[in-house]
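All values below come from the heavy atoms of this structure, side chains included, with hydrogens, waters and symmetry mates left out. Naming: A, B, ... by sequence-line order, numbering from 1 per chain.
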2 protein chains.
Amino acid sequence: MTQCEDHEECISTAIERADRICFQKQLKFTDLRKEILRLIWEGHGPQKAYDLLNKLQKTNPSAKPATVYRALDFLIKNGFIHKVASLNAFVGCSHPLKHKECYFLICDDCKNISECCDPNITAAIQATTAQNEFSAKNTTLEISGHCNECLKQI
Amino acid sequence: MTQCEDHEECISTAIERADRICFQKQLKFTDLRKEILRLIWEGHGPQKAYDLLNKLQKTNPSAKPATVYRALDFLIKNGFIHKVASLNAFVGCSHPLKHKECYFLICDDCKNISECCDPNITAAIQATTAQNEFSAKNTTLEISGHCNECLKQI
DNA sequence: TTATGGGGTGTGATATTGTAACGTTGTTGG
DNA sequence: CCAACAACGTTACAATATCACACCCCATAA
Ligand SMILES: [Zn+2]
Ligand SMILES: [Zn+2]
Ligand SMILES: [Zn+2]
Ligand SMILES: [Zn+2]
């Protein structure tokens, strides 16, 4: 499920990275936003908004849907997480600021999700948009199927 | 909005094509399924399920959400339409059976949507999935931005 | 012929996902 | 301090999607 070695470290690395970036960019990384980001990374996979809400309510019983969605909006807008449109779920970005165009491999079996941000894909997409005289603002590329680990187990 | 010359013909072409394919593949292209496909093509753009339901209720007052979703499932499963995950909407496929991998350019202004199924993109994606030892079953590629027509009008 | 089974549909209820609106609180810069 | 604005609390609601169960139709087999 999680392919990291030490997941506690994996989480805290992500939080600290966000903390640093928010400081640099003068963004308000409030406790609430930090908590949602932590919950997303704790899952280390696509997390559903209402699952996050349930978890948040453990420490913040008065939390409401809007509480979660507003934090998610902030985190998405600033590149700390991505929305996975095909799953209606949210996943932490492993390299915020590097680039906007993140592509995903989603395993239908183990639900693991990994980024596969190949520049060759970006180039191919750019060539196509150019050819169509289309000015691209946002790209959603989500590939579902079976990961290597799960294929082995069959 | 619609870039076709004669939209009535555009619609009927799509319906007849589906009719033919269903006959060949022994699929049951019922009146209901045909009507939903027609409604989707009449919009000639991404159509929302509940808008389709409202339209369907004009001729079929007792239609319910499940009525629409079941027809959509059939149409998707057999390649006649695609779900646009980033919009929660459904769009007719302009070339059913040709290939499964359809990519979309979605204009945020005029809401027009066009398929841009470039083999170079497919190749780039395949190279990446192969490199990640990932067995891809389904690809969602949706590019939002501004189309040529809308850019001109600024 | 009747029995049987499966696919498609009708129908009501419910689950899941996401927003709008408005007031309050807190921070920040003048 | 005060004004402005962002963040948050809270309520209500909208939008999207699925489940469960009954019923009908039709093809096939007994
Ligand atoms: Zn990313
Ligand atoms: Zn897997
Ligand atoms: Zn298509
Ligand atoms: Zn346009």
Side-chain angles (χ1 to χ4, degrees), chain A residues 18-19 22-23 25-40 43 45-78 80-91 111 140 142, chain B residues 18-19 22-23 25-40 43 45-78 80-91 111 140 142:
Chain A
D19 228 337
C22 286
F23 179 75
K25 297 173 79 174
Q26 307 249 51
L27 300 170
K28 297 183 185 175
F29 197 38
T30 63
D31 288 348
L32 188 51
R33 291 165 174 175
K34 194 175 295 194
E35 180 62 14
I36 293 291
L37 183 59
R38 173 182 305 280
L39 289 172
I40 289 175
Q47 303 293 304
K48 315 281 281 181
Y50 276 69
D51 291 346
L52 293 170
L53 175 57
N54 285 334
K55 289 175 186 168
L56 180 60
Q57 284 171 336
K58 301 259 164 66
T59 58
N60 187 344
S62 68
K64 301 283 185 305
T67 315
V68 170
Y69 280 103
R70 284 197 287 230
L72 292 173
D73 285 346
F74 169 87
L75 295 170
I76 290 171
K77 183 173 157 200
N78 295 292
F80 301 121
I81 65 172
H82 300 289
K83 172 158 187 173
V84 186
S86 58
L87 299 178
N88 290 326
F90 305 85
V91 68
K111 313 304 177 195
T140 297
E142 299 168 8
Chain B
D19 228 337
C22 285
F23 179 74
K25 297 173 78 173
Q26 308 250 51
L27 301 170
K28 298 183 185 176
F29 197 36
T30 64
D31 288 349
L32 186 52
R33 292 164 173 179
K34 194 175 293 191
E35 180 62 12
I36 293 290
L37 183 59
R38 174 183 303 281
L39 289 172
I40 288 175
Q47 304 292 304
K48 312 282 281 182
Y50 277 69
D51 291 346
L52 293 169
L53 176 58
N54 285 333
K55 289 175 184 168
L56 180 61
Q57 284 172 335
K58 300 260 163 63
T59 58
N60 187 344
S62 67
K64 301 281 185 304
T67 315
V68 171
Y69 281 103
R70 284 196 286 229
L72 291 173
D73 285 346
F74 170 87
L75 295 170
I76 290 171
K77 184 173 155 197
N78 295 293
F80 300 122
I81 65 173
H82 299 290
K83 171 158 190 175
V84 185
S86 58
L87 300 178
N88 290 325
F90 304 85
V91 66
K111 313 303 176 195
T140 298
E142 300 168 8

Undergrad: Starting at atom CG of A:Asn60, determine the distance to atom C1' of D:dG9, rounded to an integer number of angstrom.
TA: 10 Å
Undergrad: Decide yes or no for B:Phe23 and B:Phe29: does some side-chain heavy atom of the first lie under 4.5 Å from some side-chain heavy atom of the second?
TA: no
Undergrad: Expressed as a whole number of angstroms, how long is the span from A:Asp31:CG to D:dC8:P?
TA: 9 Å
Undergrad: So which protein N/O to nucleotides 17-21 of chain C N/O distances come out below 3.5 Å?
TA:
residue	atom	partner	partner atom	Å
C:dT17	OP1	A:Lys48	NZ	2.6
C:dG18	OP1	A:Lys83	NZ	2.4
C:dG18	OP2	A:Tyr69	OH	2.8
C:dG18	O5'	A:Tyr69	OH	3.4
C:dG18	N7	A:Tyr50	OH	2.6
C:dG18	O6	A:Tyr50	OH	3.2

Undergrad: Give me the one residue out of B:Thr67, B:Asp31, B:Val68, B:Leu53 that meets side-chain contact (heavy atoms from CB on, under 4.5 Å) with B:Ile36.
TA: B:Val68
Undergrad: May I have the distance from A:Gln26 (atom CD) to D:dA6 (atom P), rounded to whole angstrom?
TA: 14 Å
Undergrad: Nearest whole angstrom, please: distance from the C1' of C:dG10 to the CG of B:Leu53.
TA: 13 Å
Undergrad: Got a donor-acceptor contact below 3.5 angstrom from the A:Lys34 side chain to the A:Ala18 backbone?
TA: no
Undergrad: D:dA7 P sits how many Å from A:Leu75 CG, rounded?
TA: 12 Å
Undergrad: Does B:Ser62 make a side-chain N or O approach to OP1 or OP2 of C:dT11 shorter than 4.0 Å?
TA: yes
Undergrad: Using the closest heavy atom to pick a nucleotide of DNA chain D for each, name whichever of A:Lys64 or A:Leu32 lands nearer the 5' end.
TA: A:Leu32
Undergrad: Rounding to an integer number of Å, can you tell me how far B:Leu72 CG sits from D:dT16 P?
TA: 12 Å
Undergrad: Would you indicate whether the side-chain heavy atoms of B:Leu56 and B:Leu32 approach each other to under 4.5 Å?
TA: yes
Undergrad: Please report the distance, rounded to the nearest Å, between CG in A:Leu27 and P in C:dT27.
TA: 17 Å
Undergrad: Can you confirm whether B:Ile40 sits close enough to B:Leu72 that some side-chain heavy atom of one is under 4.5 Å from a side-chain heavy atom of the other?
TA: yes
Undergrad: How far apart are the closest heavy atoms of B:Glu142 and B:Lys83, and which atoms are they?
TA: OE2-O, 4.0 Å
Undergrad: Without decimals, in angstroms, what is the distance between A:Glu35 CD and D:dC8 P?
TA: 13 Å
